[in-house]
Amino acid sequence: MTQNLEKAVAEMNEKLNTLMSELHALHEPCRHTLHAWLDDWLEMYKRPKVKPITLYALEVAVRVHIKQGLPDVPLDRLDGLQLQKFLLSVSAARTRKTVYDVLNASLKTACNLKILRDNPMAAVSIPPHKRKIGAALSADELRSFLANVQKHWAKHYFLFLLYTGCRRSEALALCANDIDYANNRLHIRGTKTDLSDRTIPLFDKVAGLLAEISPDGNGLYFPFRPDSVTRAFKKLCPSHKLHDLRHTFATRCLEAEIPLKVVQTWLGHSDIDTTADIYTHVSNRSNDREAQRLNAYLARS
């Protein structure tokens with residue numbers, strides 16, 4: 001009887017100690033502030049895993065958007081409603097999604113490490129980011145662009161995008177050992193999905209373009225900052241985005257009747273529906289031209 005009582009008392013004391021520890025943890029202020037934790041999270045959990053260009057995008061989201069928009073408070077002082085309002089204040093849908101992902105992933109890691117009890121992002125939601133199909137440069141726009149780019153400092157970079165359909169970051173990652181002149185192949189270091197890391201033909205125009213320049217000391221052909229080339233292109237072509245050079249390449253391929261599956265491979269699309277969206281756009285333009293020809297013919301008859 002005495003042994004049973006002693007055992008029961010010991011179990012109760014153990015439970016009491018556990019409850020006291022949990023209660024103490026609830027009242028103990030979090031030692032990690034938001035800004036400091038984001039810096040640690042980037043350094044310890046993202047830098048070893050992601051590509052430099054991806055890390056740069058995450059760092060921009062932290063430095064330019066989160067640190068400018070949210071105070072450097074202890075993590076346990078973050079409020080879901082506060083975070084919801086902040087995210088909805090980010091006007092660009094794509095940027096908003098990146099900022100959301102950074103906050104959610106970093107705070108989830110803090111919870112896993114017991115630094116934070118609950119993730120305040122759990123109740124946060126944002127409008128879904130809808131991919132917009134770009135607008136290819138028209139024939140007149142392309143002629144004007146090619147004339148204006150000839151003496152530009154980023155000429156070879158812009159033309160490389162136009163002649164390969166690469167994404168901005170893929171072209172910036174191009175280095176000397178990605179070019180196989182013997183087999184006329186070009187390795188594209190994809191940054192989005194497994195299929196985006198790909199090998200495409202070394203097209204004649206691309207080979208001629210690369211022959212005019214040399215890689216830098218790190219082996220990179222285009223050692224530029226992503227934001228600098230984006231701004232430079234906008235000045236050259238105000239009515240278009242830099243990504244529209246990729247769309248222009250895809251459009252010209254489909255107008256040249258390159259099979260859809262081949263274009264998908266060259267562009268590194270993980271889903272052929274993405275390529276098909278562009279194909280539909282091109283087909284509609286072709287249909288409009290053919291309709292105009294028929295209208296002209298019928299008008300003469």
Side-chain angles (χ1 to χ4, degrees), residues 42-43 45-62 94-95 97-98 101-102 105 129 131 134 153-233 241-253 258 261-272 274-275 278:
L42 286 172
E43 188 64 30
Y45 292 93
K46 303 312 290 182
R47 184 180 296 278
K49 288 184 176 181
V50 302
K51 297 180 179 180
I53 196 71
T54 303
L55 181 65
Y56 176 81
L58 297 177
E59 288 174 338
V60 168
V62 169
R94 187 171 182 176
T95 302
K97 178 64 168 60
T98 301
D101 290 342
V102 167
H129 169 57
R131 182 181 58 85
W153 59 267
K155 166 190 170 182
H156 292 88
Y157 173 76
F158 291 144
L159 294 182
F160 183 84
L161 294 180
L162 179 65
Y163 297 147
T164 63
C166 281
R167 299 175 178 90
R168 178 183 69 174
S169 56
E170 292 171 344
L172 293 175
L174 183 74
C175 60
N177 57 12
D178 289 328
I179 306 167
D180 182 357
Y181 286 105
N183 297 299
N184 284 322
R185 292 290 182 268
L186 186 64
H187 175 223
I188 305 301
R189 299 171 184 265
T191 57
K192 293 198 72 175
T193 65
D194 290 340
L195 287 178
S196 66
D197 196 279
R198 60 201 184 276
T199 299
I200 66 173
L202 181 61
F203 304 114
D204 291 344
K205 277 187 173 291
V206 177
L209 190 71
L210 294 175
E212 296 176 2
I213 56 177
S214 301
D216 70 357
N218 296 317
L220 293 174
Y221 274 92
F222 307 114
F224 309 136
R225 287 171 54 97
D227 54 344
S228 65
V229 292
T230 297
R231 288 195 300 267
F233 178 79
K241 300 179 298 182
L242 180 61
H243 198 73
D244 287 347
L245 291 179
R246 174 172 165 84
H247 190 73
T248 303
F249 170 82
T251 299
R252 296 173 83 186
C253 286
I258 306 298
K261 190 67 180 176
V262 174
V263 179
Q264 179 196 0
T265 301
W266 289 353
L267 293 175
H269 284 156
S270 58
D271 189 341
I272 199 168
T274 304
T275 320
I278 302 173

What is the minimum heavy-atom distance between [X] and [Y], and which atoms define it?
{"X": "Phe222", "Y": "Ala171", "value": "CD1-O, 3.3 Å"}
{"X": "Leu220", "Y": "Ala173", "value": "CD2-O, 3.8 Å"}
{"X": "Arg198", "Y": "His187", "value": "O-CD2, 3.3 Å"}
{"X": "Trp153", "Y": "Ala232", "value": "CZ2-CB, 3.8 Å"}

For Asp178 and Arg189: C-alpha separation, side-chain torsions, deciding distance, then whether side-chain contact (heavy atoms from CB on, under 4.5 Å) applies. CA-CA 8 Å; Asp178 289 328; Arg189 299 171 184 265; 2.9 Å; yes

Next item on the list: Applying side-chain contact (heavy atoms from CB on, under 4.5 Å), run through Leu186 and Ile179 and close with a yes or a no.
Entry: CA-CA 5 Å; Leu186 186 64; Ile179 306 167; 3.7 Å; yes

Q.
Apply side-chain contact (heavy atoms from CB on, under 4.5 Å) to residues Leu202 and Asp180 and explain how you reach the verdict.
A. CA-CA 8 Å; Leu202 181 61; Asp180 182 357; over 6 Å; no

> Rounded to the nearest 0.5 Å, how far does OG1 of Thr230 lie from NZ of Lys241?
Replying inline: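 Interatomic distance, Lys241 NZ to Thr230 OG1, rounded to 0.5 Å: 11.0 Å.
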
CZ of Arg167 to CG of Leu242: how many Å apart, nearest 0.5 Å?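 Going from CZ on Arg167 over to CG on Leu242, the span is 13.0 Å.
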
Legend entry - Neighbour count above 12 (heavy atom, 6.0 Å) for Asp204 CG: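 It does not: Asp204 CG has 12 such atoms or fewer within range.
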
Arg47 and Glu59: CA distance, side-chain angles, deciding distance, side-chain contact (heavy atoms from CB on, under 4.5 Å) verdict: CA-CA 10 Å; Arg47 184 180 296 278; Glu59 288 174 338; 3.3 Å; yes

Item to check | Main-chain N/O of Thr98 paired with Asp101 side-chain donor or acceptor, under 3.5 Å | outcome: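 Pair absent, no side-chain N/O of Asp101 close to backbone of Thr98.
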
query = Applying the side-chain contact (heavy atoms from CB on, under 4.5 Å) test to Cys253, which of Val262, Leu267, Val263, Thr248 qualifies?
reply =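 Single side-chain contact (heavy atoms from CB on, under 4.5 Å) partner of Cys253 among Val262, Leu267, Val263, Thr248: Val263.
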
inquiry  = Using 30° and 60° as the class boundaries, would you call the ring planes of Phe249 and Phe203 parallel, tilted or perpendicular?
reply    =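 Tilted, since the angle between the ring planes falls between 30° and 60°.
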
* Asked: Can you check whether Leu172 reaches Arg225 side chain to side chain, under 4.5 Å on heavy atoms?
  ->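 Leu172 does not reach Arg225 side chain to side chain.
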
Please set out all donor-acceptor pairs under 3.5 angstrom arising from side-chain atoms of residues 154-162, sequence neighbours excluded.
residue	atom	partner	partner atom	Å
Lys155	NZ	Gln150	OE1	3.2
His156	NE2	Glu212	OE1	2.8
Tyr157	OH	Arg168	O	3.0

